[in-house]
Student: 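This is the structure I have questions about; it appears just below.
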Amino acid sequence: MSSFQGQMEEYPTISIDRFDRENLKARAYFLSHCHKDHMKGLRAPSLKRRLECSLKVFLYCSPVTKELLLTSPKYRFWEKRVKAIEIETPTQIALVDEASGEKEEVVVTLLPAGHCPGSVMFLFQGSNGTVLYTGDFRLAKGEASRMELLHSGGRVKDIQSVYLDTTFCDPRFYQIPSREECLKGILELVRSWITRSPHHVVWLNCKAAYGYEYLFTNLSEELGVQVHVDKMDMFRNMPDILHHLTTDRNTQVHACRHPKAEEYFQWNKLPCGITSKNKAMLHTISIKPSTMWFGERTRKTNVIARTGESSYRACFSFHSSYSEIKDFLSYICPVNAYPNVIPIGLTVDKVMEFLKPLCRSSQSAEPRYKPLGKLKRTRTILLDSVLEAGNPRTKDC
DNA sequence: GCGATCAGCT
DNA sequence: CACAGCTGATCGC
């Protein structure tokens, strides 16, 4: 759960993913993805009033997030005030104070965050330096190094601060099986069940949130079976998702939901209400996607766990693991990193302790003693930083 | 009637 | 296995 309060030190006149309290005064709003815990205040009467009298205030987000947001009637009043920004397209935005006329320009770039459809990170460049707000993200090891717009002149940009998704920033969550491993595990479980007979069906027990779509599309693609869902109008303009979904209950893979779904399932009933096909009872298993993690040295076990006669848990994560966070942040090597989330059982100070060694300042002072094996590399590091004109970044990052 | 908050549940 | 959000109770306007 994000505890980011909406504002960044460097650019306090913009608000991201929070729309209450201090954020009511923002000159521009940003939404990283369409999850409710990042939309606090976004439909409150106070912000609605602000919008009516401040006609130059806009909400910026990705095209997909705009589509998902405006599909909900509760947020449709934003229609004339949302500006979609293309992914990976640096875009200049004027931050104007409507009372004083004071103006500041920033360039924002949206980078894919891999959290849910439309989810992005925001890279801001302006007079107070370059900062990165990650929103919620899941990026595999090495993905930051493959993002062109994080780079300039062949090296990573000089980033002052990163506002980071630290959901799993705890060595306890050292590794989480990759998206591909998890997908393959679920795919083979579903395949092994539904190929037994046309009466064998699977219920994917997913939460009410965006983020499972790539699971549905991959299963559908691989198995040639559309996934039953309750609603799909939000995807009406996203054919790559839409074509893999159906509201026709006559399919072997279901991701429909109902408040009493667990109770239904015990009575061999799917959330959409069906129990049989052509008068023959269905044979049903449930698969609950949930996060599974492993310590640095603990043996990785199966990405599928059987939890009952007909029930399974399957590994699935919307967020980067500790090692993925380390890889990301140490590659960016900012001056500062601030946690957007405090994992349960940890404190702000503890999370900062984990982030500090991955940032720049901690690398500048050479330790008094170094293992002999590292001495040679130190020389090349010093040379690198001399060659990096005007950039005080130290290259152990 | 609506919103904010919290407990409980998943 | 810990994310995200729903439901329902309660309180205040």
Side-chain angles (χ1 to χ4, degrees), chain A residues 1-4 17-21 23-24 31-49 65 68-69 72-75 77 113-119 134-138 165-177 179 182 185 203-215 229-231 234 255-266 271 286-295 298-308 311-322 324-325 339-346 351:
Chain A
M1 185 71 69
S2 181
S3 58
F4 180 70
D17 288 357
R18 285 295 286 259
F19 309 91
D20 57 349
R21 306 160 70 96
N23 303 301
L24 287 166
L31 179 62
S32 69
H33 66 286
C34 210
H35 276 170
K36 297 279 178 10
D37 58 328
H38 288 250
M39 294 161 65
K40 193 169 185 203
L42 190 57
R43 41 164 292 208
S46 46
L47 183 57
K48 212 165 176 174
R49 282 197 302 275
T65 295
L68 299 179
L69 180 73
S72 167
K74 308 273 192 190
Y75 296 96
F77 70 91
H115 177 69
C116 72
S119 67
T134 70
D136 284 351
F137 76 97
R138 181 155 200 205
D165 176 11
T166 45
T167 300
F168 292 133
C169 191
D170 180 332
R172 185 169 152 66
F173 307 114
Y174 195 89
Q175 46 182 339
I176 295 172
R179 225 183 264 282
C182 298
W203 173 43
L204 300 170
N205 182 1
C206 300
K207 309 272 183 177
Y210 297 119
Y212 301 99
E213 292 73 16
Y214 79 88
L215 171 61
V229 293
D230 302 310
K231 308 196 93 190
M234 60 287 257
C256 42
R257 293 180 301 106
H258 187 278
K260 294 193 174 123
E262 305 267 0
E263 189 182 314
Y264 276 29
F265 182 74
Q266 295 214 297
S286 74
I287 304 175
K288 182 192 280 226
S290 48
T291 310
M292 293 179 183
W293 59 84
F294 304 90
T298 57
R299 168 155 175 77
K300 253 198 296 184
T301 56
N302 211 318
V303 297
I304 303 291
R306 194 165 187 176
T307 53
S311 312
Y312 299 83
R313 278 196 311 115
C315 185
F316 195 90
S317 181
F318 292 168
H319 298 273
S320 280
S321 66
Y322 180 71
E324 287 165 346
I325 292 170
N340 291 347
V341 184
I342 306 306
I344 44 185
L346 294 190
V351 180

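Below, read A as the first sequence line, B as the second, and so on, with proteins coming before strands; counting in each chain starts at 1.
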Student: Can you confirm whether A:Lys300 is buried at NZ, in the sense that more than 12 heavy atoms of other residues, nucleotides or ligands lie under 6.0 Å from that atom?
Tutor: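 Enclosed: over 12 neighbouring heavy atoms sit under 6.0 Å from NZ of A:Lys300.
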
Student: Over 60° means perpendicular and under 30° means parallel, so tell me whether A:His319 and A:His115 are parallel, tilted or perpendicular.
Tutor: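 Taking A:His115 first and then A:His319, their aromatic rings sit tilted (interplane angle of 30° to 60°).
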
Student: Below 30° counts as parallel, above 60° as perpendicular, anything between as tilted: where do the rings of A:His38 and A:His33 land?
Tutor: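 Tilted: the ring planes of A:His38 and A:His33 meet at 30° to 60°.
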
Student: With a 6.0 Å cut-off on ring centres, are A:Tyr214 and A:Phe316 close enough?
Tutor: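 Yes; A:Phe316 has its ring centre under 6.0 Å from that of A:Tyr214.
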
Student: Check every strand shown and say whether A:His115 touches a base, only sugar-phosphate, or nothing at a heavy-atom separation below 4.0 Å.
Tutor: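 A:His115: backbone/sugar contact only, no base atoms under 4.0 Å.
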
Student: Between A:Arg257 and A:Arg172, who's closer to the 5' end of DNA chain C by nearest nucleotide?
Tutor: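 Mapping each residue to its closest nucleotide by heavy atoms, the 5'-most match is A:Arg172.
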
Student: Side-chain donor-acceptor pair under 3.5 Å between A:Asn205 and A:Ser286, yes or no?
Tutor: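 Absent: no donor and acceptor within the cut-off.
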
Student: For the side chain of A:Ser290, counting heavy atoms from C-beta on, which of C:dC3, C:dA4, C:dA2 is nearest?
Tutor: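 Among the listed nucleotides, the one closest to the side chain of A:Ser290 is C:dA2.
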
Student: What's the CG-P distance between A:Asp170 and C:dC3, to the nearest Å?
Tutor: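 It works out to 11 Å between those atoms.
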
Student: Could you tell me whether the phosphate oxygens of C:dC6, OP1 or OP2, come under 4.0 Å of any side-chain nitrogen or oxygen in A:His258?
Tutor: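 No.
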
Student: Measuring from the side chain of A:Phe318 (C-beta onward, heavy atoms only), which nucleotide among C:dC3, C:dA2, C:dC6 has the closest atom?
Tutor: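 Comparing C:dC3, C:dA2, C:dC6 against the side chain of A:Phe318, the answer is C:dC3.
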
Student: At under 4.0 Å, does any side-chain N or O of A:Lys36 touch on OP1 or OP2 of C:dC6?
Tutor: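 So the side chain of A:Lys36 is within the cut-off, an N or O lying under 4.0 Å from OP1 or OP2 of C:dC6.
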
Student: Expressed as a whole number of angstroms, how long is the span from A:Met1:CE to C:dC3:P?
Tutor: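 Atom CE in A:Met1 sits about 9 Å away from atom P in C:dC3.
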
Student: Please evaluate residues A:Tyr322 and A:Phe294 with respect to the criterion ring-ring contact (aromatic ring centres under 6.0 Å, His included), reporting the C-alpha separation (whole Å), side-chain torsions for both, the decisive distance (0.1 Å), and the verdict.
Tutor: CA-CA 10 Å; A:Tyr322 180 71; A:Phe294 304 90; over 10 Å; no

Student: Between C:dA2, C:dA4, C:dC3, which nucleotide has the shortest distance from any of its atoms to the side chain of A:Asp136?
Tutor: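 Nearest to the side chain of A:Asp136 among the choices is C:dA4.
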
Student: Return the minimal non-hydrogen interatomic distance between A:Arg138 and A:Phe318, and the atom names on each side.
Tutor: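 Scanning both residues completely, I find the closest heavy atoms to be CB-O, 3.5 Å.
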
Student: Need to verify one output field. Residue with the more 5' nearest nucleotide on DNA chain C, A:Thr307 or A:Ala209?
Tutor: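 Residue closer to the 5' terminus by nearest nucleotide: A:Thr307.
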
Student: Treat primed atoms plus P, OP1 and OP2 as sugar-phosphate and everything else as base, then score nucleotides 3-10 of chain B 5' to 3': B for base contact with protein heavy atoms under 4.0 Å, S for sugar-phosphate contact only, - for none.
Tutor: SSS----B

Student: To the nearest angstrom, how far is A:Asp165 atom CG from C:dA2 atom P?
Tutor: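 Rounding to the nearest Å, CG of A:Asp165 and P of C:dA2 are 16 Å apart.
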
Student: Write down the distance between CD1 (A:Ile176) and P (C:dC3), rounded to a whole number of angstrom.
Tutor: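 In whole Å, C:dC3 P lies 9 Å from A:Ile176 CD1.
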
Student: Rounded off to whole Å, could you give me the NE2-to-P distance for the A:His35 and C:dC3 pair?
Tutor: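 Roughly 13 Å, once rounded to whole Å.
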
Student: Just how far, in rounded Å, is P of C:dA4 from CG of A:Leu204?
Tutor: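 It works out to 18 Å between those atoms.
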
Student: Could you state the atom-to-atom distance from CG of A:Leu68 to P of C:dG5 in whole Å?
Tutor: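 Roughly 12 Å, once rounded to whole Å.
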
Student: Could you state the OH-C1' distance from A:Tyr210 to C:dC3, rounded to the nearest angstrom?
Tutor: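 Whole-Å distance recorded here is 17 Å.
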
